[in-house]
Amino acid sequence: MRISLADDVVMRPVAEDDAQALTDAYVRNRDHLRRWEPRRPDTFFTLTGQSERLEAQLQQCRDGRLMPWVLADGDRIVGCMNVSGIVYGAFHSANLGYWLDAGYTGRGLATRAVAAVCRDADERLGLHRVEAATLLDNVASQRVLEKAGFEPYGVAPNFIHIDGQWRDHRVYQRILNDRTPTL
Ligand SMILES: CC(C)(COP(=O)(O)OP(=O)(O)OC[C@H]1O[C@@H](n2cnc3c(N)ncnc32)[C@H](O)[C@@H]1OP(=O)(O)O)[C@@H](O)C(=O)NCCC(=O)NCCS
């Protein structure tokens, strides 16, 4: 699966040999992402840390609980889209998280990627709903979600531990279809 997002950027599932490119991407974007992400231990920014994280992600993917995508410009990883916490039953729902390399923002890439991730969640994963949450002042991310068809449905106090503190988040969902779930 390779989805073209622009002349120079494709989105594809994360691969077993991506650990070095992921390490490079997180090191390059450490300052850019700090405000919007959980506090990362120093080991997160090492090849060992990324190899362990990647292995765990691939296992969750095999178990059907996670769909990890990367955005790539050639050998360089320039973003991630993670569909996590996939549950079926009466929910058929998952969480979406994402980031873009600082050098690639403002080109509509995140919006196109979120739209493609939702298409895959609907058509291949068979989900009913995708949810996402942004910090109250993350206007760029809120625009991405709104442009990709998500609706805000409230504010969750003390929701996610970001940059060292439990922080309120605006919560969004996109209903993908009205299929009856297989229970
Ligand atoms: C949020 C993020 C993924 C957006 O990626 P992107 O590829 O630049 O997004 P797009 O180009 O598709 O759309 C961005 C929109 O936000 C708008 N925007 C960007 N910065 C903004 C700001 N400071 N205030 C208001 N709007 C802003 C852009 O104008 C654009 O909207 P428009 O098309 O109506 O003009 C990227 O900035 C990022 O990785 N940020 C850090 C990590 C993060 O916040 N992740 C999401 C956590 S919920």
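Start at 1 and go down the list; that is how both ligands and their atoms are numbered. Bear in mind the structure is a predicted one, so any value in this text is a computation, not a measurement.
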Taking only non-hydrogen atoms of Arg107 and a 4.0 Å limit, the atoms of ligand 1 in range are 11 (O)
Under 4.0 Å from any heavy atom of Leu33, which atoms of ligand 1 are there? 41 (C), 42 (C)
Any protein heavy atom at under 4.0 Å, with atom 16 (O) of ligand 1 as the reference point? yes
Which residue and heavy atom of the protein sit nearest atom 19 (C) of ligand 1, plus the separation: Ala140 CB, 3.4 Å
Taking atom CD of Glu151 as the centre, report whether more than 12 heavy atoms of other residues, nucleotides or ligands fall under 6.0 Å from it. no
Counting only heavy atoms not in Gln59, do more than 12 sit closer than 6.0 Å to its CD atom? yes
How close do Ile77 and Asp101 get, heavy atom to heavy atom, and via which atoms? O-OD2, 4.4 Å
Flag side-chain contact, heavy atom, 4.5 Å: Cys80 against Tyr98: no
Close side-chain approach of Met11 to Val9, heavy-atom, < 4.5 Å: no
Among all the protein's non-hydrogen atoms, which is closest to atom 45 (N) of ligand 1, and how far away is it? Tyr98 O, 2.8 Å
Which residue and atom name correspond to the protein heavy atom nearest atom 4 (C) of ligand 1, and how close is it? Val144 CG2, 3.8 Å
Is ligand 1 less than 4.0 angstrom away from at least one heavy atom of Ala132? no
Taking heavy atoms and a distance under 4.0 Å, where does Leu135 meet ligand 1: side chain, backbone, both or neither? neither
Using the rule given for salt bridge (charged side-chain N to carboxylate O under 4.0 Å, His left out), can you reason through Asp122 versus Arg119, listing the C-alpha separation, both sets of side-chain angles and the distance that settles it, and then say yes or no? CA-CA 5 Å; Asp122 178 5; Arg119 210 156 35 242; over 6 Å; no
Any idea which of Thr134, Ile162, Asn138, Leu145 brings a heavy atom closest to atom 47 (C) of ligand 1? Asn138
Starting from atom 34 (O) of ligand 1, what is the nearest protein heavy atom, named by residue and atom, and what distance separates them? Arg143 NH2, 2.7 Å
Scan side-chain atoms only and decide if Asp24 and Gln20 contain a donor-acceptor pair under the 3.5 Å cut-off. yes
Report, in ascending order of atom number, the atoms of ligand 1 lying under 4.0 Å from any heavy atom of Thr105. 8 (O), 36 (C), 37 (O)
Would you indicate which of Val139, Val78, Thr111 comes nearest to atom 24 (N) of ligand 1 when only heavy atoms are counted? Val139
Does the protein place any heavy atom closer than 4.0 Å to atom 2 (C) of ligand 1? no
Parallel, tilted or perpendicular for Trp99 and Tyr26, by the 30°/60° rule? tilted
Salt bridge (charged side-chain N to carboxylate O under 4.0 Å, His left out) contacts touching residues 65-89 (sequence neighbours left out): Asp63-Arg65
Side-chain heavy atoms under 4.5 Å apart, restricted to Ile/Leu/Val/Met/Phe/Trp/Tyr: what other residues fall into the cluster of Phe91, or is it alone? Val87
So does Asp137 pair up with Arg35, basic N to acidic O under 4.0 Å? yes
Look up atom 41 (C) of ligand 1 and tell me if a protein heavy atom lies less than 4.0 Å from it? yes
Ranked by distance from atom 5 (O) of ligand 1, the top protein heavy atom is Ala110 CB, 3.2 Å
Check Leu100 against ligand 1 and report side chain, backbone, both or neither, counting heavy atoms closer than 4.0 Å. both
With a cut-off of 4.0 Å, which atoms of ligand 1 are near a heavy atom of Trp99? 39 (O), 42 (C)
What do we get for Trp36 next to ligand 1 when only non-hydrogen atoms under 4.0 Å count, side chain, backbone, both or neither? side chain
Can you list the atoms of ligand 1 that are under 4.0 Å from a heavy atom of Gly106? 6 (P), 8 (O), 11 (O)
Is Val83 close to Leu66 at the side-chain level, that is, under 4.5 Å between some pair of heavy atoms? no
Under 4.0 Å from atom 12 (O) of ligand 1, do we find at least one protein heavy atom? yes
Below 4.0 angstrom, counting only protein heavy atoms, does anything approach atom 29 (O) of ligand 1? no
At a non-hydrogen distance cut-off of under 4.0 Å, which region of Lys147 contacts ligand 1 (side chain, backbone, both, or neither)? side chain
When you measure from the side chain of Gln60 to the backbone N and O of Gly85, does any donor-acceptor pair fall under 3.5 Å? no
Contacting atoms of ligand 1, where contact means under 4.0 angstrom from a heavy atom of Ala133: 48 (S)
Is the number of heavy atoms from other residues, nucleotides or ligands under 6.0 Å of Phe44 CZ greater than 12? yes
